[in-house]
Amino acid sequence: MVSISSGALERLATASRIAVLTGAGISAESGVPTFRGAEGLWRKFRPEELATPEAFARDPRLVWEWYQWRRQLIARLSPNAGHLALVELEKRADEFLLITQNVDGLHDRAGSKRMVKLHGDLWRLRCTGCSIEFEDRRAALPELPPRCRCGRLLRPAVVWFGEPLPSEAWERALEAAARCQLFISVGTSGIVYPAASLPLVAKRAGAYLIEVNVESTALSHIADEVILGCAAVVLPKLIAELSAAERQNLASS
Ligand code: NAD
C-alpha cells in the first residue's frame with residue numbers, strides 16, 4: 001500500500017517549477033533490466049567490459065552485440081504508467097524539466113517533451129571518425145560493428161564510463177535543479193555521478209525533495225519524502241490524488 005503525505009501533495013499542487021530525475025528504475029516495469037538490483041544487467045555482464053571507450057577500442061563487435069541485444073529487447077517494450085504520469089505532470093507545470101539518465105527512449109515514446117538526456121540515446125549512432133550523429137531505430141543493425149559512410153566505426157551515442165556528459169544537457173539540468181521548487185528523483189540508485197549530485201543541488205537551493213524508489217538509496221536521508229513503491233504505481237497515484245484534490249477544491253469553492 002503506497003502512502004503519500006499531505007505535505008508532498010501540497011508541494012506537488014503548488015510548485016510551478018518542477019524538475020524530475022529518472023533512472024533505470026522507471027523503465028523496470030516496462031521490462032528493461034536495471035544495472036543494479038536483483039535483476040541487474042551487471043550480474044551477467046561487467047560494465048567495464050562493455051560500456052567504456054577502452055572496451056570499444058578492444059572489441060567493438062562485442063560491445064555492439066551487447067547494445068544490439070538491448071536495442072532488440074527494448075524495441076519490443078512499451079512505456080509504462082510511470083512514464084505516462086510524468087507526461088501529465090509536465091503538462092501541469094509552468095516550468096518543467098525531465099532529466100533522464102536512461103538511454104532507452106521510453107520517455108520520448110510516452111510523449112515527454114521538456115527533457116534532457118544526460119547519458120545519451122541508444123537509438124542514435126555517432127561516427128568515431130567524422131563525428132556525424134544520427135537516429136537509427138532499427139532493432140537489428142545489418143552489420144556489426146556498423147560503419148559510417150566515411151569508413152570509420154559507428155558507436156552508440158551514449159555516455160560510457162569515464163566520458164563527460166553532454167555539456168548542454170548538463171547545464172540545463174543543473175539550472176533546472178537550482179531553480180526548481182520541487183525535485184522528484186525516480187528509480188535511481190543515486191550513486192552514478194555527476195547525475196546523483198542534482199538532487200543535492202536542488203535541496204541546497206531550497207527545493208522540496210521527493211524520492212520514489214522500491215528501496216532506500218544513497219539519497220533517501222536527504223529527501224523530504226521517500227515514497228517506497230514501483231514508479232509505475234506511485235507516479236500515477238500522485239497524479240490521481242492531485243486531480244482528486246483539485247476536484248474537491250473546485251467543488252468547495
Ligand atoms: P541503477 O540500475 O543503478 O539503479 C536502479 C534503481 O531503480 C535502484 O535504486 C532500484 O532500487 C530502483 N528500482 C528498480 N525497480 C524500480 C521500480 N519499479 N520503481 C522504482 N524504482 C525502481 O540505475 P541508475 O541509477 O539509473 O544508474 C545507472 C546507469 O544505468 C544510468 O547511467 C543509466 O544510464 C543506465 N541504465 C539505463 C537503463 C535504461 O535506459 N533503461 C537501464 C539500465 C541502466
How far apart are the C-alpha atoms of Q181 and S16, what are their side-chain angles, what is the distance that settles it, and do they pass the side-chain contact (heavy atoms from CB on, under 4.5 Å) test? CA-CA 7 Å; Q181 297 153 322; S16 59; 3.4 Å; yes

Within a reach of under 6.0 Å around [atom1] of [X], are more than 12 heavy atoms found that belong to other residues, nucleotides or ligands?
X    : atom1 : answer
R204 : CZ    : no
R149 : CZ    : no
Q72  : CD    : yes

To the nearest 0.5 Å, how far apart are [atom1] in [X] and [atom2] in [Y]?
X    : Y    : atom1 : atom2 : result
F183 : D224 : CZ    : CG    : 12.5 Å
Q68  : L141 : CD    : CG    : 5.0 Å
R114 : L89  : CZ    : CG    : 9.5 Å
W160 : E54  : CH2   : CD    : 10.0 Å
L219 : N213 : CG    : CG    : 9.0 Å
L209 : R11  : CG    : CZ    : 11.0 Å

State, without any angle test, whether H107 and S27 hold a side-chain donor-acceptor pair at a distance under 3.5 Å. no

Check [Y] with [X], please: is the shortest side-chain N to carboxylate O separation under 4.0 Å?
X    : Y    : answer
E163 : R155 : yes
D104 : R109 : no
R172 : E168 : no

Heavy-atom distance under 4.5 Å between the side chains of [X] and [Y], does that happen here?
X    : Y    : value
L154 : D136 : no
L98  : E90  : no
S243 : R92  : yes
L21  : V186 : no
V192 : H119 : yes
P166 : V159 : yes
L182 : L12  : yes
W64  : P156 : yes

Return the minimal non-hydrogen interatomic distance between [X] and [Y], and the atom names on each side.
X    : Y    : answer
A173 : L118 : CB-CD2, 4.1 Å
E225 : S5   : OE1-OG, 2.5 Å
C148 : I132 : SG-CG2, 3.9 Å
L153 : T128 : O-OG1, 2.6 Å
Y208 : G7   : OH-C, 4.0 Å
P236 : A232 : CG-O, 3.1 Å

Intermediate values then yes/no, side-chain contact (heavy atoms from CB on, under 4.5 Å), N80 and H83: CA-CA 6 Å; N80 64 54; H83 297 104; 3.5 Å; yes

side-chain contact (heavy atoms from CB on, under 4.5 Å) with E175: which residues, sequence neighbours excluded? R179

Results of side-chain contact (heavy atoms from CB on, under 4.5 Å) for D59 - residues two or more places apart only: R61, L62

Any donor-acceptor N/O pair, R71 side chain to L122 backbone, under 3.5 Å: yes

With distance as the sole test, does T188 use its side chain to make a donor-acceptor pair with the main-chain N or O of T22 at under 3.5 Å? no

Cluster check [X], [Y]: I/L/V/M/F/W/Y, side chain < 4.5 angstrom:
X    : Y    : value
I239 : I18  : yes
L235 : I227 : yes
L50  : V32  : yes
I26  : L97  : no
L77  : V103 : yes

If the test is salt bridge (charged side-chain N to carboxylate O under 4.0 Å, His left out), which one of K117, R124, R137 qualifies with D108? K117

